[in-house]
Amino acid sequence: MLDINFIRNNPEKVKQAIAHKQENAASVDQLLELDAQRRSLIHTCEQLKSRRNEKSKEVSELKKRGHDASGIIGETKKIGDEIKSFEEKLNGLEPQIQNLLLRIPNIPAADVPIGKDANDNVVVKTWGQRKTFDFTPLPHWELGHMLNILDLERSSKITGSGFILLKGPGAKLERALFCFMLDLHTREHGYTELFPPFLVNRTSMTGTGQLPKLEEDMYRTSPDDLFLVPTAEVPVTNIHRDEILPYKDLPVYYTAYTPCFRREAGSYGKDTRGIIRVHQFNKVELVKLVRPETSYDELESLLGNAEKVLQLLGLEYRVVKLSTGDMSFAAAKCYDIEVWAPGADKFLEVSSCSNFEDFQARRMNIRFRDEDGKLRFVHTLNGSGLALPRTVIAILETYQNKDGSITIPDVLQPYMGGIRIIARQG
RNA sequence: GGAGAGGUGGCUGAGCGGCUGAAAGCGACGGUUUGCUAAACCGUUGUAGAGACAAAAUCUCUACCCCGGGUUCGAAUCCCGGCCUCUCCGCCA
C-alpha cells in the first residue's frame with residue numbers, strides 16, 4: 001500500500017507506475033476524489049464533535065450547580081444526530097477508499113528496466129558451465145518414472161493433476177534438500193529458523209498483498225475462511241504485524257520451510273508435463289525486515305544467499321532483473337534466479353528475490369523507532385531459498401547418468417543416509 | 001465441545017458514567033550531584049487523523065483504555081455482538 005499523502009502529492013508518478021507495471025489497478029483520480037470528500041467530511045464531523053464536547057461540559061456544570069439543563073441537552077442531542085449522519089457517510093466512504101488504495105501497486109525502483117513483460121527482463125549474471133552429455137539427457141518426468149521415485153499417476157488418483165507423490169530415495173532427496181537449505185541459511189547466513197502455521201487468516205493475506213488481488217489463486221477453507229499459505233512469506237512477514245521493532249533489533253532475518261499451495265488459476269495448459277508447475281510444492285523462504293536505508297544492499301545479499309544454494313549444488317543458473325511489466329504487484333525491485341534444466345531444455349525459475357520497500361510494512365503496520373525516536377515503517381524483503389520441485393528437476397536432469405541413474409551432489413550426501421546414487425530399483 | 005475468568009499506555013496495575021489521555025510503580029530519556037560507577041533528587045516520556053502555516057518548527061481540534069454496534073447531553077466505565085488469552089471438564093494426534 002502506498003501512502004495516501006504520496007499519492008495526493010504525486011498522482012502522475014503513481015499513474016506512470018501503474019502503466020509500467022501493466023497493472024489493471026484502481027483509478028488514481030477516483031481515489032483522490034473520494035479522498036477529498038473524506039477529508040471534508042472529517043473536518044465537518046470534528047467541528048461538530050468539538051461543539052458537542054463543549055456543550056456537554058456546560059451540561060455538567062449546570063447540573064453540578066443544580067440548574068436545569070434540558071435546553072442545552074436538547075440542543076446537544078441535535079448536534080449528536082447531525083454527527084451521526086455525517087459519520088454514516090464517512091463510514092460508507094472509508095472502505096471504498098481502502099479498497100482502492102489496496103489495489104494500487106508499488107512503484108518500481110529507479111533502476112528497474114521499463115518493459116512490457118518477461119521479454120524485457122535483463123540477465124544480469126550467469127553462473128556455472130553448461131553440462132554436456134554424450135547421450136541425450138532425459139526430462140525429469142521420464143527419469144522419475146523410470147527410477148520409481150516420482151509417481152504422478154497415483155498422486156492424480158489421490159488428489160488430482162498438479163500434485164506430487166515422491167517415493168523412496170525421491171522422497172528422501174526432497175527432505176535432504178530442505179534440510180540442507182535450512183542448515184545453510186541458519187549456519188552460514190545468519191537467519192533464524194521458523195516453523196509457522198500453514199493456514200493463515202484473511203488479514204495476513206492482505207498484509208503481504210496476496211489479497212485482494214489474487215484471491216482466485218488461493219486455496220481457501222470454508223467455513224473458517226482461512227487460506228493455505230501460497231508461500232512462507234505470508235505467515236513469516238506477518239509475525240510482526242502491528243508491532244514496533246526496537247532499532248537495535250534490525251535487521252531481522254527469518255528462514256522457514258513450508259509447503260506452498262497455489263491454484264495456478266489462469267495458467268492451465270502451461271508447463272503441464274512433469275513437476276514444473278504444481279499446486280503444492282515445498283519451499284524454503286528467506287524473509288528480511290530491515291532499515292529503509294539498507295534495503296537495497298539487503299536485497300543483494302539476500303539474492304546472494306539464495307544463489308549460494310545453487311552454487312553448492314553445482315547447478316548452472318542465471319540471475320534476471322525483472323522489468324516493470326513482469327514484476328509483482330507489491331515489489332519495488334525483483335530478481336529471479338533461474339536454474340538450467342538440461343532435460344526440459346530450459347531455464348526454470350527457482351527463486352524470486354524482492355524488495356517491497358515499505359509497501360507491505362504499511363499494510364501490516366510494521367514500524368521501528370529510529371535513532372531520533374521517530375516511528376518509521378520498516379522495509380520488507382523476501383526470496384525463495386529455494387523452491388524445491390524445480391531444484392529437484394535440475395538435480396535429476398543435470399546429474400543423470402547414461403543408465404538413467406542419478407548421482408547425488410556431494411553437499412547432499414550427508415543428508416541422504418549414505419545414498420550416493422539413485423538407481424533403478426529391482 | 002461444555003463451564004468460568006479476563007483483555008487499560010513500553011511493562012505491572014488502579015479507575016467502573018462528566019473533574020481521566022487516563023493514578024501509582026517500573027522501565028526509558030534529559031538534567032543536578034559524584035574522581036568513576038551506583039544511589040538520591042528534579043524534569044520529560046503514546047499514537048493516528050483533520051485543520052492553520054509556502055514549508056519545517058509550532059499551534060488548534062478530533063479520535064483511540066481488544067474490535068464493532070447500542071444506550072446517554074456525555075462512555076475506559078452501562079448493554080449487545082465478535083475476536084483473543086487464561087483456568088477447569090470432556091474428547092483427541
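Residue numbering restarts at 1 for every chain, and letters A, B, ... go by the order of the sequence lines.
Across all strands shown, the partner of B/U32 is B/A40, judged by Watson-Crick or G-U wobble contacts whose two distances both fall under 3.5 Å. Applying the Watson-Crick and G-U wobble criteria (two distances, each under 3.5 Å), B/U77 pairs with nothing in any strand. B/A56: no Watson-Crick or G-U partner with both key distances under 3.5 Å is found in any strand. A 3.5 Å limit on both hydrogen-bonding distances identifies no Watson-Crick or G-U partner for B/G9. A 3.5 Å limit on both hydrogen-bonding distances identifies no Watson-Crick or G-U partner for B/C92. The pairing partner recorded for B/A63 is B/U47, the criterion being a Watson-Crick or G-U wobble arrangement whose two distances lie under 3.5 angstrom. Pairing for B/U72 is absent, with no Watson-Crick or G-U wobble pair whose two atom distances lie under 3.5 Å. Summarising the base pairing, B/A3 is matched to B/U87 through a Watson-Crick or G-U wobble pair whose two defining distances lie under 3.5 Å.
For A/Arg38, the side-chain atoms get nearest to B/A50 when compared with the rest of B/A63, B/A50, B/G18. Each of B/A50, B/U62, B/A48 was ranked by its minimum atom distance to the side chain of A/Leu375; first place goes to B/A48. In this structure, the nucleotide among B/G51, B/G18, B/G74 sitting nearest to the side chain of A/Arg39 is B/G51. Checked against B/C73, B/A48, B/G49, the side chain of A/Arg367 finds its nearest nucleotide in B/A48.
Contact check on A/Glu188 versus A/Lys308 returns no salt bridge, with no Lys/Arg side-chain nitrogen under 4.0 Å from an Asp/Glu carboxylate oxygen. In summary, A/Lys321 and A/Asp111 engage in a salt bridge, as defined by a charged side-chain N under 4.0 Å from a carboxylate O. Between A/Lys167 and A/Asp151 there is a salt bridge, with a side-chain nitrogen of the basic residue lying less than 4.0 Å from a carboxylate oxygen of the acidic one. A salt bridge is absent between A/Arg8 and A/Asp3: the closest approach of a Lys/Arg side-chain nitrogen to an acidic carboxylate oxygen does not fall below 4.0 angstrom. Using a cutoff of 4.0 Å between basic side-chain nitrogens and carboxylate oxygens, A/Arg220 and A/Asp225 are scored as salt-bridged.
The residue among A/Arg52 and A/Ser60 whose nearest nucleotide of RNA chain B is located toward the 5' end is A/Ser60. The residue among A/Asn91 and A/Lys77 whose nearest nucleotide of RNA chain B is located toward the 5' end is A/Asn91.
Rounded to whole Å, atom P of B/U72 lies 19 Å from atom CD1 of A/Ile72. Protein atom CD1 of A/Ile83 is 11 Å distant from nucleotide atom C1' of B/G74, rounded to whole Å. To the nearest angstrom, C1' of B/C61 lies 9 Å from NE2 of A/His43. For the pair A/Gln98 CD and B/G49 P, the interatomic distance rounds to 12 Å; values are reported in whole Å. Atom CD1 in A/Ile73 sits about 15 Å away from atom P in B/G18, given to the nearest Å. The interatomic distance linking A/His67 (NE2) with B/C73 (C1') rounds to 18 Å, in whole Å. Distance, A/Leu48 CG to B/A50 C1': 13 Å, rounded to whole Å. Distance, A/Lys248 NZ to B/A28 C1': 12 Å, rounded to whole Å.
The two residues A/Ala306 and A/Ile337 come nearest to each other via the heavy atoms CB-CD1, 3.6 Å.
Here the separation of B/U34 from B/C41, taken at their C1' atoms, is 13 Å to the nearest Å. Across the P atoms, B/C29 and B/G46 are found 16 Å apart, a figure rounded to whole Å. Spacing between B/U47 and B/G81 at atom C1', rounded to whole Å, works out to 27 Å. Nucleotides B/C73 and B/C66 have their P atoms positioned 25 Å apart, rounded to a whole Å. B/G21 and B/G6 have their P atoms separated by 25 Å, with the value rounded to a whole Å. Across B/G4 and B/U60, the matching C1' atoms stand 48 Å from one another, rounded to whole Å. As rounded to the nearest Å, B/G10 and B/A5 have C1' atoms that lie 26 Å from one another. To the nearest whole angstrom, the two C1' atoms, one in B/A38 and one in B/A23, are 30 Å apart.
Counting any heavy atom pair closer than 4.0 Å across all strands shown, A/Arg51 reaches no nucleic acid atom. Residue contacts for A/Lys57: at a heavy-atom cut-off of 4.0 Å it reaches no nucleic acid atom on any strand shown. The residue A/Arg362 sits apart from the nucleic acid: no heavy atom pair falls under 4.0 Å. Note on A/Thr76: only backbone sugar-phosphate atoms sit closer than 4.0 angstrom, heavy atoms only; bases stay farther off.
Contact annotation: A/Lys84 side-chain N/O to B/G69 OP1/OP2 distance is not under 4.0 Å. When the side-chain nitrogen and oxygen atoms of A/Ser50 are compared with OP1 and OP2 of B/U62, one or more of them lie within a distance under 4.0 Å. Between A/Arg369 and B/U45 there is no side-chain N or O to OP1 or OP2 distance below 4.0 Å. A/Asn53 has a side-chain polar atom (N or O) that falls below the 4.0 Å cut-off from OP1 or OP2 of B/A63. For the pair A/Lys55 and B/C73, the criterion of a side-chain N or O lying under 4.0 Å from OP1 or OP2 is not met.
Two rings, from A/Phe329 and A/Phe359, have their centers less than 6.0 Å apart. Taking the six-membered ring where the residue is Trp, the centroids of A/Tyr257 and A/His185 are separated by 6.0 Å or more.
The base of B/G49 sits within donor-acceptor range of the side chain of A/Glu46, with an N or O pair under 3.5 Å.
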